[in-house]
Protein chains: 2
Amino acid sequence: MSDMTSNADAPRSPGRPRSVRADEAIVEAALDLLAEGSTIEALSIEAIAARAGVGKATIYRRWAGKEALLLDALRRLKGVMAQPEGHSVRDDLILLVGAIGRNVDPRASKIMPCLVPEVNRSPDHFRLYQNIIAPRRQLMREVLRRGIDEGLIRADIDLEVTMALLTGPMLIQRVLRWNPELDEQTLPEQVVDTVLAGIQAR
Amino acid sequence: MSDMTSNADAPRSPGRPRSVRADEAIVEAALDLLAEGSTIEALSIEAIAARAGVGKATIYRRWAGKEALLLDALRRLKGVMAQPEGHSVRDDLILLVGAIGRNVDPRASKIMPCLVPEVNRSPDHFRLYQNIIAPRRQLMREVLRRGIDEGLIRADIDLEVTMALLTGPMLIQRVLRWNPELDEQTLPEQVVDTVLAGIQAR
DNA sequence: CATTAACGATACGGGACGGTTTCGTATCGA
DNA sequence: TCGATACGAAACCGTCCCGTATCGTTAATG
């Protein structure tokens, strides 16, 4: 958010208040257009305004430009994280791996690939991306540590490398359709089992 | 190529022949601009023409538009593949994994991320991408088969999943800088060793 | 009811591009 | 030498977009 209406204890400014519906509609319109295949920079303020049923001025009243609006919209997209049950390390890992690129919001999986170039270009987007995935990495890290504590996993493994091993295959398949012959349904289980076999305590 | 000058046995058309220098310069200019951070659709024919020291008409004489030109330019980018030595399966795998996203042309690694959205949008780009990586997958597949023949690797593993396990971590790190704490130098060795430990014959 | 500010709609100037055409020039084969 | 063709440069037009300004209208406060 880049404006003032957010202060809850504001001394109630006079005049007509900003429409919360408009806020929602604008963000939703932007995400919808992206999910429908529009590129980030093919996306225009005009198109967003038209889709949201809103005047352009209403958008410029809230955000400085396309960049600020998108950063804001993407923040709301991330959705909720999968929560591992804590019973079996293997099951928890399969759950986490299967959740990669599977956000609650179905638009997310279509939008993500569009952001790859941005992540490399803009430090802001890079930070945003890291902020989104950092808690998920932390979740996986904790499950792996639990596996070590339980004696299932060797204690001398490199946690970060292991997480990359679990995440990488799923990510390239979901984002890039890297290998058309791979089955996304069974991939999480296959990945987890193979990696576990490589890092299990003997 | 989308025109006629390419026929080697052509009955030598009259008039001034097309400049090979211009061909080169146009393609190089397009790749340079992409590598410098321009987005695919921020890239304009005008910019390419200016950079190549060429008139726009010269470009339109050869290609139907930006799309055709880019497809053509990317085809020339792929560079040569790493060739495994054939001595040690482990060393060969490390070489192949280390070569992911490391093309001869240094521009390739900067351009690749820009193509991710395109791969999802355009069947042409998807095919192009698959054509580029298919031979590399085949190379890795053969090394893994050798490992099976030598009795190093279990015979019942899923080759495609194994390749995804080897490729994924390296790819997300090189393309996405997925985890800033990972060391790209040592990653190939760590990945190969962990995966090998998971699929080795016992 | 008066005030105040946000609303949707619309118009505007400025700029970027795409694609085409027209220059005068350069380079080939005949 | 001559005709044919490609060349780089420039001009042109139509389209799209941005960012701002200005309508009359609407919704809250007091």
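By convention in this document, chain letters (A, B, ...) are assigned in the order of the sequence lines, proteins followed by strands, and residues within each chain are numbered from 1. Owing to the predicted nature of the structure, the values given are computational and were not obtained by experimental measurement.
- Rounded to a whole Å, the CG atom of A/Leu43 is 10 Å from the P atom of D/dC17.
- In terms of position on DNA chain D, the residue among A/Ala47 and A/Ala57 whose nearest nucleotide sits closer to the 5' end is A/Ala47.
- For the residue pair A/Gln130 and A/Arg127, no side-chain donor N or O sits within less than 3.5 Å of a side-chain acceptor on the partner.
- Note: CH2 (A/Trp63) to C1' (D/dC18) measures 17 Å, nearest angstrom.
- Across all strands shown, B/Gly65 has no heavy atoms under 4.0 Å from either base or sugar-phosphate atoms.
- Atom pair A/Arg21:CZ and C/dG8:P shows a separation of 11 Å (rounding to whole Å applied).
- Look at A/Ser19 and you won't find any side-chain N or O under 4.0 angstrom from OP1 or OP2 of C/dA6.
- Contact of A/Arg16 with C/dT4 (side chain to base): no donor-acceptor pair of N or O atoms is detected under 3.5 Å.
- Nearest nucleotide to the B/Thr58 side chain, out of D/dG8, D/dA28, C/dG8: D/dG8.
- What separates NZ of A/Lys66 from P of D/dC16 is a distance of 16 Å, to the nearest Å.
- Across the interface with DNA chain C, nearest-nucleotide mapping of A/Glu46 and B/Tyr60 shows A/Glu46 to be the residue nearer the 5′ end.
- B/Gln190 and B/Thr186 share a donor-acceptor pair across their side chains, judged by distance under 3.5 Å alone.
- Within 6.0 Å of NZ on A/Lys66 lie more than 12 heavy atoms contributed by other residues, nucleotides or ligands.
- The distance between atom CD1 of B/Ile26 and atom C1' of D/dG8, rounded to the nearest whole Å, is 11 Å.
- As a whole-Å value, the separation of B/Ile59 CD1 from D/dA6 C1' is 14 Å.
- Of the candidates D/dC18, C/dC7, C/dG18, the closest approach to any side-chain atom of A/Arg61 belongs to C/dC7.
- The 5' end of DNA chain C is approached more closely, in terms of each residue's nearest nucleotide, by B/Ser44 than by the other of B/Ser44 and B/Pro17.
- Under 3.5 Å, the side chain of A/Lys56 and the base of C/dG8 form no donor-acceptor pair of N or O atoms.
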List the steps and the verdict of side-chain contact (heavy atoms from CB on, under 4.5 Å) for A/Val27 and A/Trp63.
CA-CA 11 Å; A/Val27 169; A/Trp63 291 279; 4.1 Å; yes
Step-by-step salt bridge (charged side-chain N to carboxylate O under 4.0 Å, His left out) determination, A/Asp105 to A/Arg76
CA-CA 10 Å; A/Asp105 193 328; A/Arg76 310 198 195 179; over 6 Å; no
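- Whole-Å rounding puts the A/Arg18 CZ to C/dA5 C1' distance at 10 Å.
- Atom CD1 of B/Ile40 is separated from atom C1' of C/dC17 by 17 Å (rounded to the nearest Å).
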